[in-house]
There are 2 protein chains.
Amino acid sequence: MTRDAEPGKKRQRRKDARPQEILDAAMVLWAERGFAATRLDDVAKAAGIAKGTVYLYYASKEALFEAAIQDRLVSVMREHQGLSQSFEGSSAELLTLFLNTVYARLLKTDAVTLLKVLIGEGHHFPDLVKLYREVAIETGMAAIGFIVKRAQARGELRDGMSDLDARLIIAPAIMAAIWQSVFAGEDAMDTDAFMNDHIHLIRQGLLKPDAL
Amino acid sequence: MTRDAEPGKKRQRRKDARPQEILDAAMVLWAERGFAATRLDDVAKAAGIAKGTVYLYYASKEALFEAAIQDRLVSVMREHQGLSQSFEGSSAELLTLFLNTVYARLLKTDAVTLLKVLIGEGHHFPDLVKLYREVAIETGMAAIGFIVKRAQARGELRDGMSDLDARLIIAPAIMAAIWQSVFAGEDAMDTDAFMNDHIHLIRQGLLKPDAL
DNA sequence: CAATTTAATGACCCATCGGTCATTAGTCAA
DNA sequence: TTGACTAATGACCGATGGGTCATTAAATTG
């Protein structure tokens with residue numbers, strides 16, 4: 001797991017690289033075992049350092065998780081917002097593009113890990129739940145809200161759908177990501193087919209027939 | 001938390017009632033704290049007994065969780081299946097009835113607790129994940145599959161929707177239940193409105209316009 | 001009212017793990 | 001080369017919690 005270890009030396013002083021390496025190692029283990037069940041000692045081993053070293057960079061296990069939220073979500077969520085604002089085209093196309101991007105992010109990165117941990121163990125860390133909500137959820141909901149408003153402005157939205165709960169639109173994507181990580185292996189789903197069904201269903205339900 | 005305690009006596013011999021009481025106490029604490037973070041000692045206290053007594057009825061913490069799956073899901077899932085089979089009426093009505101029932105079960109009972117625990121900590125207990133899948137998921141998927149087939153037989157299904165992934169239909173309900181339990185309080189959602197939007201969206205996307 | 005059975009107890013054992021800190025060693029300036 | 005600085009170490013501490021078992025006492029039987 002050590003990265004650029006020059007084999008000759010026992011101790012390596014690499015102050016700049018450590019934080020990110022610790023964080024990456026932690027994410028892998030959290031995904032496998034959950035938060036409480038992952039020992040700081042194992043995170044350290046996976047990052048190629050001793051446990052004490054972790055505490056040079058993060059004040060506590062909880063602080064490490066907070067750093068992970070910042071590291072994994074902040075930049076990605078900003079991108080998401082940008083995507084819709086610069087788009088020119090029909091709502092059907094925008095919805096497709098947006099959901100494709102969401103699925104890619106959720107299924108191909110380790111973003112779900114954070115969500116999984118918060119679902120199962122968030123009760124002990126109200127501050128982290130709050131942070132996650134602010135960083136990920138509010139931004140995400142705003143992005144969807146923008147798409148819906150845009151569709152209405154363009155006259156492509158079905159009547160009575162204007163203040164539909166934004167969570168309804170991404171729920172299947174979130175569930176699919178969680179599903180994959182919980183039932184992976186013994187009940188894997190065809191995520192591409194699922195995504196296409198999802199997009200189709202949303203377009204059908206949300207947009208006027210002549211906007212499809 | 002003790003139930004029928006006759007106050008005079010220190011020890012109560014109530015062999016029959018213990019298992020269920022232990023289980024109920026455990027479910028409450030698991031919902032609050034998760035599985036790993038809930039001490040058997042606290043479960044025992046909440047059930048009004050000593051820790052050792054728990055081990056008279058359940059071989060281990062894991063066995064207790066398995067018993068919870070059996071207790072909470074088996075009978076309920078059987079009911080779900082029955083519901084659709086005896087129904088006479090349009091698919092629009094059946095879908096509405098079915099989803100109403102699902103939301104009631106997920107939001108008004110402690111069924112989500114089990115799912116939450118499995119999402120966050122299931123990796124340590126592959127046997128429990130498997131059991132959950134068999135007991136809850138396969139039955140649930142079959143129930144939805146039945147509804148879709150029935151709609152098609154009645155000519156009420158949109159073209160190309162016949163082998164839509166059943167998970168897509170209940171995903172928002174599951175997400176809503178989890179959402180409530182994770183973000184309860186600081187970001188509570190209007191679950192009734194959400195459910196109605198959900199039903200509306202599904203009917204719109206799944207059924208032919210003239211079947212609405 | 002013994003004698004027997006067994007539900008219930010809780011002190012105890014021991015492995016685990018988050019966090020600390022005195023010690024070690026890599027780096028660099030003078 | 002040496003001294004100062006500080007990144008890195010890992011033995012250790014203290015708390016925690018799953019699981020055990022010798023002991024206690026409630027019920028039951030004759």
Side-chain angles (χ1 to χ4, degrees), chain A residues 1-23 25-26 29-30 32-68 117 121 123-125 127-128, chain B residues 1-23 25-26 29-30 32-68 117 121 124-125 128:
Chain A
M1 262 296 176
T2 317
R3 319 222 152 176
D4 312 314
E6 298 161 34
K9 295 179 177 169
K10 312 269 168 68
R11 293 185 180 187
Q12 303 249 339
R13 292 168 70 106
R14 289 167 46 251
K15 190 181 176 172
D16 294 342
R18 295 300 189 206
Q20 189 66 45
E21 291 177 10
I22 294 168
L23 220 148
L29 295 176
W30 289 339
E32 284 172 11
R33 312 177 191 177
F35 183 75
T38 299
R39 288 160 293 173
L40 252 309
D41 216 351
D42 289 341
V43 171
K45 260 192 198 62
I49 56 178
K51 182 168 63 168
T53 308
V54 174
Y55 285 91
L56 294 179
Y57 300 101
Y58 299 100
S60 66
K61 211 183 175 188
E62 187 173 341
L64 180 57
F65 193 85
E66 183 180 331
V117 168
E121 306 171 64
H123 239 279
H124 313 287
F125 312 106
D127 292 347
L128 297 180
Chain B
M1 261 291 176
T2 319
R3 316 218 155 184
D4 311 315
E6 298 161 33
K9 295 179 179 173
K10 312 266 168 70
R11 293 185 180 187
Q12 302 249 340
R13 291 169 71 106
R14 289 165 50 248
K15 191 182 177 173
D16 294 340
R18 296 299 188 208
Q20 189 65 46
E21 291 178 8
I22 293 168
L23 221 148
L29 294 176
W30 289 339
E32 284 172 10
R33 311 176 192 179
F35 183 74
T38 299
R39 288 160 295 177
L40 252 310
D41 216 352
D42 288 343
V43 171
K45 259 189 196 64
I49 57 178
K51 182 168 63 167
T53 308
V54 174
Y55 285 90
L56 294 179
Y57 299 101
Y58 299 100
S60 66
K61 212 183 174 188
E62 187 173 342
L64 180 57
F65 193 84
E66 182 180 331
V117 168
E121 306 170 65
H124 314 287
F125 313 106
L128 297 180

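Nothing here was measured: the structure is a model prediction, and the numbers come from that model. By convention in this document, chain letters (A, B, ...) are assigned in the order of the sequence lines, proteins followed by strands, and residues within each chain are numbered from 1.
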Protein within reach of the bases, or only the backbone? For nucleotides 1-6 of chain C, mark each nucleotide 5' to 3' as B, S or -, using heavy atoms under 4.0 Å. -----B
Whether each nucleotide of nucleotides 9-23 of chain D has a protein heavy atom under 4.0 Å at its base (B), only at its sugar-phosphate (S) or at neither (-) is summarised, 5' to 3', as BB------SBBB---
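When the salt bridge (charged side-chain N to carboxylate O under 4.0 Å, His left out) test is applied to R33(A), the partners found at least two apart in sequence or on another chain are D42(A). Looking at residues two or more places apart in sequence or on another chain, you find a side-chain contact (heavy atoms from CB on, under 4.5 Å) between Y58(B) and P19(B), I22(B), L23(B), L64(B), A67(B).
Q20(A) CD to R14(A) CZ: the interatomic distance, rounded to the nearest 0.5 Å, is 12.0 Å.
Between its two ends, the helix from dC1(C)-dG30(D) to dA30(C)-dT1(D) turns its axis by 10°, counting five pairs per end and rounding to 10 degrees.
Following rounding to the nearest Å, E21(B) (CD) and dA7(C) (P) show an atom-to-atom distance of 15 Å. When the P atom of dA8(D) is taken as reference, atom NZ of K45(A) falls 17 Å away, rounded to whole Å.
For the OP1/OP2 pair of dA7(D) and a distance below 4.0 Å, the side-chain nitrogens and oxygens of Y57(A) include no atom meeting the criterion.
Contact record, E62(B) with L128(B): CG-CD1, 3.7 Å, taken as the closest heavy-atom pair.
A distance-only check finds no donor-acceptor pair linking the side chain of E121(B) to the backbone of G34(B) [under 3.5 Å].
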Name every donor-acceptor pair, under 3.5 Å, that has one atom in a side chain of residues 46-57 of chain A and the other anywhere in the protein, sequence neighbours excluded.
residue, atom, partner, partner atom, Å
T53(A), OG1, A50(A), O, 3.4

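Taking the six-membered ring where the residue is Trp, W30(B) and F65(B) present tilted rings, their angle falling between 30° and 60°.
Heavy atoms of Y58(A) sit nowhere under 4.0 angstrom from any nucleic acid atom.
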Go through it in stages, so that I can follow the logic: the residues are F125(A) and E66(A), the test is side chain to side chain contact (heavy atoms under 4.5 Å, CB included), and I'd like the CA-CA distance, side-chain angles, deciding distance and then a yes or no. CA-CA 10 Å; F125(A) 312 106; E66(A) 183 180 331; over 6 Å; no
